[in-house]
*Asks:* 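Got a structure here, written out as structure tokens. Questions coming.
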Amino acid sequence: MPVHAPPIGSPALHGASPPSRRGLAATLAATLAATLLAFVPSGPAHADPIEGGGDLGPNVIVFDPSTPDIQGKLDEVFKQQESAQFGAGRYQFLFKPGTYNGLNAQLGFYTSVSGLGLSPDDVNINGDVTVDAGWFDGNATQNFWRSAENLSLNPVNGTNRWAVSQAAPFRRMHVKGGLNLAPDGYGWASGGYIADSKIDGSVGPYSQQQWYTRDSSVGGWQNAVWNMTFSGVEGAPAQSFPDPPYTTLETTPTSREKPFLYLDGADYKVFVPEKRTNARGVTWDSGAPAGSSIGLDQFYVVKPGATAQTINAALDQGLNLLFTPGVYHVDETIDVNRADTVVLGLGLATIIPDNGVTAMKVADVDGVKLAGFLIDAGPVNSETLLEVGPEGSSADHAANPTTVQDVFIRIGGAGPGKATTSMVINSDDTIVDHTWVWRADHGDGVGWETNRADFGVRVNGDDVLATGLFVEHFNKYDVEWYGERGRTIFFQNEKAYDAPNQAAIQNGDTKGYAAYRVDDSVEQHEGWGMGSYCYYNVDPTIQQHNGFAAPVKPGVKFHHLLVVSLGGQGQYERVINDIGEPTSGTSTVPSVVVQFP
């Protein structure tokens with residue numbers, strides 16, 4: 001970073017100079033200025049202000065209703081991205097307000113499609129936004145890293161197909177028909193997440209193993225497999241876990257929708273929705289949504305080739321960040337220190353920390369919004385990949401919490417990666433709204449030690465809320481919670497497939513590390529709709545003592561827990577602590593605990 005010297009003569013250098021010493025002060029100031037200049041880097045570091053705004057770069061493709069051959073461009077990108085699970089391509093499609101006819105936007109990896117209206121109904125597509133699994137023989141369990149946002153759809157056959165698994169949010173959508181969450185042929189799927197969306201018809205999950213829907217409206221919900229969780233959803237099925245396994249909360253305690261890019265006339269702006277408490281239903285069907293707008297000129301538009309030094313200089317200058325689609329290597333931490341800063345990614349923009357640095361740190365300030373990007377661990381071990389608040393954070397952010405939304409973390413898969421703890425939440429009142437923190441179980445750079453990552457998410461802050469927490473495959477604990485009054489609505493987990501033997505996961509006298517552990521010091525904690533699965537395919541004889549561990553105290557409560565052995569590849573002895581029936585055999589039938597304690 002460049003040296004930013006305080007103004008000569010400022011109290012930071014001199015203290016106040018009495019009038020009788022003004023001449024001496026001026027002489028000293030001139031001498032000191034010359035000395036400081038000798039040490040200021042002579043390169044182009046950022047003496048000139050960094051401009052906000054500008055174009056959105058080569059991988060943001062903008063359509064209006066008069067654009068020729070929209071379908072051809074959609075198909076071209078899909079052909080490239082359909083099976084590029086660990087490729088470097090990143091794309092964002094943006095549709096200007098208007099009506100579009102006869103489109104089928106098939107979405108492959110690292111492809112996002114969004115409308116540019118202030119309401120989803122400002123962009124009307126007579127057609128579909130489709131995710132299917134033909135590339136993987138009808139199995140949708142690897143349909144990751146893609147998104148749809150802020151559009152209305154009139155599906156051609158009455159039902160839109162969205163067959164996804166983790167890291168594939170469906171936000172702020174209006175489907176004027178039904179929604180099918182399974183691939184063609186009803187092969188397996190393991191997602192997913194819907195928020196602030198209205199589906200006029202029924203949602204058919206079919207083979208989906210689990211799903212979380214928040215602050216939305218549905219015309220019906222057809223079935224459940226293991227764990228379907230709803231909070232603040234109009235039309236959601238009544239609570240009935242475990243048969244059928246519906247977990248239904250009337251409202252979401254606190255939520256704030258993800259910021260999004262839109263057009264105000266000819267000007268790009270980012271809309272930042274307001275926080276809601278006890279939320280229910282969508283934010284946009286009763287007039288303009290509540291919130292505020294930030295002009296694009298208040299954003300540093302980050303494009304491929306940008307350095308961490310430039311990004312930090314833009315933040316120091318008071319700009320927000322809009323990452324355009326691309327892969328960004330950073331050799332120093334991106335430091336977000338200003339309250340209310342927005343860091344928004346398009347097209348699954350990906351940040352890779354080099355030389356073992358932490359990719360991003362957020363100060364203990366109000367109202368930072370992190371949204372829509374992927375952090376991919378580098379080959380040199382990082383102690384952490386994302387930190388929200390420094391250690392010891394204690395400020396009260398209840399009125400204006402920091403939000404972490406559609407921020408995904410990956411260790412391995414695209415190549416070797418290592419991180420001791422992926423995500424650390426130190427700031428009180430933080431909302432983690434849909435994340436997938438994944439130690440890769442397939443791809444390149446995968447192995448018990450090759451992509452070593454002991455801990456997924458660690459929460460030290462108080463009053464932290466997680467809505468849609470997906471954390472998988474870590475060598476030790478997937479989630480550890482130390483803060484008071486933490487809450488999680490929906491948790492999905494798989495234990496690490498690749499443990500070589502029982503000894504590799506031994507945790508003192510305990511067989512294995514729980515997927516979700518609340519520290520013994522915690523007095524109050526609550527969770528709803530939470531599942532952990534094992535598939536120890538390297539050594540199927542491995543025994544995992546439990547999926548969940550927590551202190552037995554009146555203020556620590558869990559509702560609707562389950563553990564599953566996938567095909568008998570390893571087994572759980574208990575569900576939580578020493579409670580719950582063991583899994584057994586190869587039948588893939590969950591063991592459940594309806595209430596704890």
Side-chain angles (χ1 to χ4, degrees), residues 169-175 179 181 192-205 208 210-258 273-287 289-290 398-399 401 403 405 429-434 463-470 485-492 524-531 554-562 592-597:
F170 197 80
R171 286 187 182 269
R172 200 178 172 77
M173 295 288 288
H174 186 188
V175 181
L179 187 64
L181 303 179
Y193 176 91
I194 293 171
D196 200 23
S197 293
K198 186 175 183 180
I199 293 88
D200 293 348
S202 290
V203 178
Q208 279 286 352
Q210 66 279 315
W211 197 276
Y212 175 52
T213 307
R214 178 182 64 71
D215 300 351
S216 293
S217 172
V218 298
W221 195 275
Q222 294 184 20
N223 72 289
V225 178
W226 293 337
N227 177 20
M228 300 286 158
T229 300
F230 309 84
S231 67
V233 177
E234 297 169 346
Q239 183 161 297
S240 55
F241 188 93
D243 186 23
Y246 293 134
T247 298
T248 302
L249 285 71
E250 284 295 304
T251 61
T252 304
T254 308
S255 62
R256 181 171 59 209
E257 298 306 329
K258 174 177 173 278
E274 283 188 358
K275 186 192 77 168
R276 296 201 291 171
T277 56
N278 299 317
R280 183 172 171 84
V282 300
T283 62
W284 46 265
D285 67 343
S286 299
T403 46
Q405 299 178 286
D429 308 295
T430 301
I431 300 172
V432 180
D433 176 46
H434 190 227
D463 302 293
V464 172
L465 171 66
T467 49
L469 186 61
F470 298 72
R485 297 175 299 281
R487 292 173 292 181
T488 294
I489 304 173
F490 184 86
F491 171 68
Q492 187 266 326
Q524 295 183 59
H525 189 90
E526 196 160 9
W528 297 262
M530 305 173 74
V556 177
K557 302 174 184 178
F558 287 94
H559 316 274
H560 307 170
L561 302 178
L562 64 96
V592 304
V593 167
V594 177
Q595 302 290 344
F596 172 88

*Asks:* Just so I know, are the side chains of F230 and V218 near enough to count as touching, which here means a heavy-atom distance under 4.5 Å?
*Replies:*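 No, too far: nothing below the 4.5 Å cut-off.
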*Asks:* Atom CG in L561, atom CG in N227: separation rounded to 0.5 Å?
*Replies:*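 With rounding to 0.5 Å, CG (L561) is 9.5 Å from CG (N227).
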*Asks:* Going through the checks in order, is the side chain to side chain contact (heavy atoms under 4.5 Å, CB included) test met by D433 and R171?
*Replies:* CA-CA 12 Å; D433 176 46; R171 286 187 182 269; 3.0 Å; yes
*Asks:* Just how far is it from atom NE2 of H525 to atom CZ of R487, taken to the nearest 0.5 Å?
*Replies:*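 One finds 10.5 Å between NE2 of H525 and CZ of R487.
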*Asks:* Show me, pair by pair, the donor-acceptor contacts under 3.5 angstrom made by side chains of residues 194-205, not counting sequence neighbours?
*Replies:*
from: D196; atom 1: OD1; to: T283; atom 2: N; distance (Å): 2.7
from: D196; atom 1: OD1; to: T283; atom 2: OG1; distance (Å): 3.3
from: D196; atom 1: OD2; to: R172; atom 2: NH1; distance (Å): 3.3
from: D196; atom 1: OD2; to: T283; atom 2: OG1; distance (Å): 2.9
from: S197; atom 1: OG; to: R172; atom 2: N; distance (Å): 3.1
from: S197; atom 1: OG; to: M173; atom 2: N; distance (Å): 3.0
from: S197; atom 1: OG; to: A195; atom 2: O; distance (Å): 2.9
from: D200; atom 1: OD1; to: H174; atom 2: NE2; distance (Å): 3.1
from: D200; atom 1: OD2; to: H174; atom 2: NE2; distance (Å): 3.2

*Asks:* Run through Y193, F491, F490, Y212 and flag the one making a ring-ring contact (aromatic ring centres under 6.0 Å, His included) with F470.
*Replies:*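 Testing F470 for a ring-ring contact (aromatic ring centres under 6.0 Å, His included) against Y193, F491, F490, Y212 leaves exactly one candidate, F490.
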*Asks:* Considering all heavy atoms of both residues, which atom of W528 and which atom of M530 are nearest to each other, and what is their separation?
*Replies:*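 Scanning both residues completely, I find the closest heavy atoms to be O-CG, 3.5 Å.
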*Asks:* Measuring from H560:NE2 to T229:OG1, what's the distance to the nearest 0.5 Å?
*Replies:*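 The distance works out to 9.0 Å.
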*Asks:* Which atom names give the shortest non-hydrogen contact between V282 and S217, and what distance separates them?
*Replies:*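 Smallest heavy-atom distance, with atoms named: CG1-N, 4.4 Å.
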*Asks:* As a quick check of understanding, evaluate side chain to side chain contact (heavy atoms under 4.5 Å, CB included) for H559 and E526, giving each step before the final call.
*Replies:* CA-CA 8 Å; H559 316 274; E526 196 160 9; 2.6 Å; yes
*Asks:* Under the side chain to side chain contact (heavy atoms under 4.5 Å, CB included) rule, what do H434 and R214 come out as? Steps first, then yes or no, please.
*Replies:* CA-CA 10 Å; H434 190 227; R214 178 182 64 71; over 6 Å; no
*Asks:* Testing the basics here: between T213 and V233, what is the closest heavy-atom pair and its distance to 0.1 Å?
*Replies:*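 That closest heavy-atom pairing would be O-CG2, 3.3 Å.
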*Asks:* So, taking the atom named CZ in R280 and the one named CD in E234, what distance separates them when rounded to the nearest 0.5 Å?
*Replies:*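 Result: 5.5 Å between the selected atoms.
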*Asks:* Show the nearest heavy-atom pair for residues F241 and V593, with the distance to one decimal.
*Replies:*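 Closest heavy-atom pair between F241 and V593: CE2-O, 4.5 Å.
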*Asks:* Can you find a pair of side-chain heavy atoms, one from P242 and one from V594, that are under 4.5 Å apart?
*Replies:*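 P242 vs V594: side chains touch.
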*Asks:* Atom CH2 in W211, atom CH2 in W221: separation rounded to 0.5 Å?
*Replies:*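 Reported value, rounded in 0.5 Å steps: 6.5 Å.
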*Asks:* Only one of R276, R256, K258 passes salt bridge (Lys or Arg N to Asp or Glu O under 4.0 Å) with D215; say which it is.
*Replies:*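 The residue from R276, R256, K258 that satisfies salt bridge (Lys or Arg N to Asp or Glu O under 4.0 Å) with D215 turns out to be R276.
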*Asks:* If every non-hydrogen atom of S231 is compared with every non-hydrogen atom of T252, which pair is closest and at what distance?
*Replies:*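 For S231 versus T252, the nearest heavy atoms are OG-OG1, 2.8 Å.
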*Asks:* Can you give me the closest heavy-atom contact between A238 and Y246, atom names plus distance?
*Replies:*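 Heavy atoms only, the tightest pair is O-CB, 3.7 Å.
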*Asks:* How many angstroms lie between atom CG of L181 and atom CE of M228, to the nearest 0.5 angstrom?
*Replies:*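 If I round to the nearest 0.5 Å, the distance is 7.5 Å.
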*Asks:* Give a yes or no on whether a salt bridge exists between K275 and D429, defined as a side-chain N under 4.0 angstrom from a carboxylate O.
*Replies:*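 Result for this pair is no, no salt bridge flagged.
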